[in-house]
Enquirer: 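First the structure, then my questions, so here it is.
Values in this document were obtained by computation on a predicted structure and should not be read as measured data.
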Amino acid sequence: MRFILKGDLDQLQEGVALLAPELGIELADGGYVLTAKRVEAPTLRVTLDGNALEIVYCERCQFFRAFGLAVEAMNDGKQSFCLEEKPAFRMNGPMFDMSQGNAAFHVKTLKDVIRSLALMGLNTLMLYTEDNYEVPGRPYFGYMRPTYTQKELSELDEYAWTLGIEMIPCIQTLAHMPDGLRWACFDDIRDYDACLLVGKEETYDFIRDLLVAASAPFRTKRIHVGLDEAWNLGRGKYIDQNGYEKPNAIMKKHLARVMELVRELGLTPMMWDDMFFRTAGQKYHDPYAPVPDDAYESLPKGMNCIYWDYYTVGQGEYEALLRKHLLLDKDLVFAGGCWAWRGFGLAWDHTLRSTLDALSACRACGVKDIFMTTWGDNGTESLATVNLIGCQLFAELGYADGYDRDRFARRFKFCTGGNLEDFENLQRLDLTDWIKSLNHPKRHHCNTSKIMMWQDILTGLADKNYENANLDAHYRALTPVLESAVGRNGRFDSLFAYSALVSHTLSMKSEMGLRLTAAYRAGDKEALRRFVEVELPELFERVKTQRLAHMENWMELYKPFGWDILDMRYGSLLARIDSAIREVRAYLDGKLETIEELDAERLYLDREGPYELNHYGRYVSPSRIDPRA
């Protein structure tokens, strides 16, 4: 398919050239004549009549979406059409967490992602970087972490800009920096392990260096300065040096200083707004709690607030919450989320429900700026490219009022190569038939795959919770479903191959501790010998195979720093399988009179029923690994 472009082509041809290879098109004579018309009102319209194609657009991101819509329709054999859409939001795009899961995309991976975002018609991209960006003069900041150089970020900004996408730096200037602040050189400016020491001049010298370094590679003057979840603000070194002070007073003081620096550098800031509520002792997602009085005077003029919420369900609830936050900032930004941060799977049903409700509420309340968060909480076992389905959802709901599953599936396939039904099945790694049968109120929180994968076979801290869950059978049925997705998902084929291996491992491991304990307590030495000679060695091989597939995907997608954490988890799991083999064999050979771990009574992991627990150290062992593991 050939195109020749004419009309209002300011900065468009370079972008089309970047998209051409994956769209299977050429920029050459002898095909369609594409005329671009730029208008002032936010809109896009694409019309085909014979070989004449016209695209009417306002922003360049709308042109690239329209061009994708045209190619998609032509690929379907349509010879004439007129498609028109009106974007509901001024700002729309993803924020990818590059820090908390230790997984920072390669520059090449990000360029692949950016091309997909352009076809979706999204115009914003943030990389959430707590400490993994280069700060001149601060060599320990981001040391041995998956860090981006100034050159890499500048290259990405140029690439995104060519495709109509504004890259906005997204950093932290108060808390949420346990990795960045761990080094002794930051002792004097650290309040507690993750938080800066408010009020100290050296702290603001440091923050100025962060602001300069984070903003330098980008064209934009906008910057996201974080400022969320400072859970113990003022309770560490601050209280030793200054005595007790109310957290809201400390927050106000700090905000004023950060704003001074931002103004000095000519930047336009935005911040998460949860601390205005938390410092007043309020629940953040409570629609009935009023805005604290001192929040109004604490918020500096020119600072944009971001209300983040991916938990709430119900358009009415979201509208009540948005109206409350709009009292604090009439130009409020809303941040939703794609739930792929709890384990090996994707909580798609909840992502879909919460996003539909939230973005419908944003439309109703006149909120014009939105973005989608992703997080890598404690692991990044799920490959982060799975979040492209969430990007597609935010895009389609940004251009259409409502969700049409068939149309969404076609758009997702065109923009990314992904098959919607296969992605829907990924949630079955965590949302098992048993959990659904219980109608668990927070079933999207349950991260069955992660707990069952990493918990120990001999101590089985979650065994009691899942003793009636029939997990082995669930994963045996799921494995061929995930295997069948390989071959029809393009760039995601390796994701499904890896996910199928996860399910294959869990189909043997999920209930192994329960079965092993039952055989031991029944005195069934024949069954125990089968565990030693067949089942545990087979599980060992499955975990080895899974680890190699995971590593191959990791090195393809991410910078190598950070893989060490998952290597430690896999290594520990393999070592413990080997120990289980040796311990049970010693018992069978009469070298051990008892297996004490299997004698111990199984208790619930804090409470009954399916569990959500994302911190590896809490369920892998009852003994202290590290207080923060």
Enquirer: Anything under 30° is parallel, anything over 60° is perpendicular, the rest tilted; go ahead and classify Phe408 against Trp348.
Expert: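 Phe408 and Trp348: parallel rings.
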Enquirer: Side-chain contact, heavy-atom cut-off 4.5 Å: Pro169 with Thr220?
Expert: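 When only atoms from C-beta onward are counted, Thr220 and Pro169 do touch, with a gap below 4.5 Å.
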Enquirer: Would Arg60 and Trp161 count as a cation-pi pair here, with the cationic atom under 6.0 angstrom from the ring centre and within 45° of the axis?
Expert: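 Yes, Arg60 and Trp161 form such a contact.
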Enquirer: Once the angle between the rings of Tyr311 and His285 is folded into 0 to 90°, is it parallel (under 30°), tilted (30 to 60°) or perpendicular (over 60°)?
Expert: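 Correct class here is tilted.
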Enquirer: Let's go through Asn132 and Ser99 carefully: what are the C-alpha distance in whole Å and the side-chain angles of both, what is the deciding distance for side-chain hydrogen bond (donor to acceptor under 3.5 Å, both in side chains) to 0.1 Å, and is it a yes or a no?
Expert: CA-CA 7 Å; Asn132 41 344; Ser99 293; 2.6 Å; yes
Enquirer: Are any side-chain N or O atoms of Thr129 and backbone N or O atoms of Cys170, one a donor and one an acceptor, separated by less than 3.5 Å?
Expert: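 Yes: the side chain of Thr129 pairs with the backbone of Cys170.
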Enquirer: Classify the angle between the aromatic ring planes of Tyr128 and His176 as parallel (below 30°), tilted (30 to 60°) or perpendicular (above 60°).
Expert: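 Ring orientation of Tyr128 relative to His176: perpendicular.
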Enquirer: Between Glu612 and Lys450 (salt bridge meaning N to carboxylate O under 4.0 Å), is one present in this structure?
Expert: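 Result for this pair is no, no salt bridge flagged.
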Enquirer: Would Arg45 pass as a cation-pi partner of Tyr57, given that its NZ or CZ must be under 6.0 Å from the six-membered ring centre and within 45 degrees of the axis?
Expert: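 No, Arg45 and Tyr57 do not form such a contact.
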Enquirer: Step by step, work out the side-chain hydrogen bond (donor to acceptor under 3.5 Å, both in side chains) result for Glu59 and Asn123.
Expert: CA-CA 9 Å; Glu59 289 187 51; Asn123 65 359; 3.3 Å; yes
Enquirer: When you check the gap from the basic side-chain N to the acidic O, do Asp8 and Lys37 get nearer than 4.0 Å?
Expert: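 Not counted as a salt bridge, because no side-chain N and carboxylate O are separated by less than 4.0 Å.
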Enquirer: For the residue pair His350 and His445, categorise the inter-ring angle as parallel (less than 30°), tilted (30 to 60°) or perpendicular (more than 60°).
Expert: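 His350 vs His445 ring planes: perpendicular.
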Enquirer: Give me the ring orientation class for Tyr318 and Phe334: parallel if the planes are under 30° apart, tilted from 30 to 60°, perpendicular past 60°.
Expert: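 Rings of Tyr318 and Phe334: perpendicular, over 60°.
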Enquirer: Listed by chain and number, what are the side-chain hydrogen bond (donor to acceptor under 3.5 Å, both in side chains) partners of Ser484, not counting sequence neighbours?
Expert: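 Counting only residues at least two positions away or on another chain, Ser484 forms a side-chain hydrogen bond (donor to acceptor under 3.5 Å, both in side chains) with Arg488.
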Enquirer: Give a yes or no on whether the backbone of Val333 and the side-chain of Asp369 come within a donor-acceptor separation of less than 3.5 Å.
Expert: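 The answer is no, because no donor-acceptor pair under 3.5 Å joins these two groups.
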Enquirer: Can you list the residues that meet the side chain to side chain contact (heavy atoms under 4.5 Å, CB included) rule with Leu27, with sequence neighbours excluded?
Expert: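 Partners of Leu27 by the side chain to side chain contact (heavy atoms under 4.5 Å, CB included) criterion, ordered by chain and then number, come out as Phe3, Leu5, Val16, Ala17.
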